[in-house]
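Below you'll find the structure, written out as structure tokens, and then a few comments.
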There are 2 protein chains.
Amino acid sequence: MSDSTTLGWQDGRFAPDVMAADCPSRRILTHITSRWGGLILIALRGEVLRFSEMRRRIAGISERMLAQTLQTLEADGFVLRKAYDVVPPHVEYSLTPLGEEAAEKISELSHWIETNLHRIPGAAG
Amino acid sequence: MSDSTTLGWQDGRFAPDVMAADCPSRRILTHITSRWGGLILIALRGEVLRFSEMRRRIAGISERMLAQTLQTLEADGFVLRKAYDVVPPHVEYSLTPLGEEAAEKISELSHWIETNLHRIPGAAG
DNA sequence: GGAAGTACCTACAAAAATGTTAGTGTGAAA
DNA sequence: TTTCACACTAACATTTTTGTAGGTACTTCC
């Protein structure tokens, strides 16, 4: 029950569908919509940021989660990591073209939430 | 450290900002981007569905998570629950106008992922 | 008569996510 | 000279999320 179902999505035998539990698109969706994934993408839109700078902008994120989520996003091909071999360490993060496209989508969602917050009943409390 | 910071977002003294840890917009964002929240919104777009029907469409979701996430989304004002007092039970779920707007946004994200999956390096494995 | 379907809820258990703390090696500022 | 900043990693602890199993009260299908 593993091979035929899992492989089909890879080589285009089935169309990608997030409603299917084992379609890779579902994994990517969870990465982008993970607790910190979306915020990182939004923070990086059109910018080059260093680790600590990002940490300051995304209130509440821990070093561990920032590092971990950045790695996931880098592995997906959304984030580009550029390290300079100097001391103290200097690392720059930015979005790949693919990442910019994805970031645009969650930005639109978060922007909608921000501007319509007053209409959302559950936003109080 | 609780009052002055927490209250400002409610009455428009500060502009909503997902980057702020205690801004209500952040809570709403996590609801919509929660593991099942987005998929439920997508499944409900333009449709009226019963509990079991949704469960069948969203592969992998458990009854518990479906019920729980629906309650969160209902409390937020995105989902409308209409129960008929008959036996066996009959309950219909649909989106509020607000919910349709939110659903449109995550649909755009998931649709982007589905159509661009072949360009995403991390989609394999 | 027995099984299955309906829309859930409640304990309990397991798994996953997240946080905390400590540490790395060097340089610059106080 | 002490402290801070940098960009992390590893070990451990806690919290949150998610799943499982069982139950409800009744009806329809076989």
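These numbers were taken from a predicted model, which means no experiment stands behind them. Below, chain A is the first sequence line, B the second, and so on; all start at residue 1.
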Whole angstroms only, please: what is the CG-P distance between A/L66 and D/dT9?
11 Å

Separation of atom CG in B/D85 from atom P in D/dA25, rounded to whole Å
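So the two atoms are 15 Å apart, to the nearest Å.
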
Residues clustering with A/V86 (ILVMFWY side chains joined when closer than 4.5 Å, directly or via others)
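A/Y84, which link up through side-chain heavy atoms under 4.5 Å apart, make up the rest of the cluster.
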
To the closest 0.5 Å, what do you measure between CD (A/E74) and CG (A/L70)?
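If we round to the nearest 0.5 Å, A/E74:CD and A/L70:CG are 8.0 Å apart.
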
Whether the side chain of A/R55 engages the backbone of A/I61 through a donor-acceptor N/O pair (distance < 3.5 Å, no angle test) should be reported.
yes

Under 3.5 Å: donor-acceptor pair, side chain of B/R81, backbone of B/Y93
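Looks like no, no N/O pair under 3.5 Å.
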
Would you give a per-nucleotide map of nucleotides 1-18 of chain C, 5' to 3', where B means the base has a protein non-hydrogen atom under 4.0 Å away, S means only the sugar-phosphate does, and - means neither?
----BBSBB-BB-----B

Using side-chain heavy atoms (C-beta onward) and a distance below 4.5 Å, is A/R50 in contact with A/V91?
no

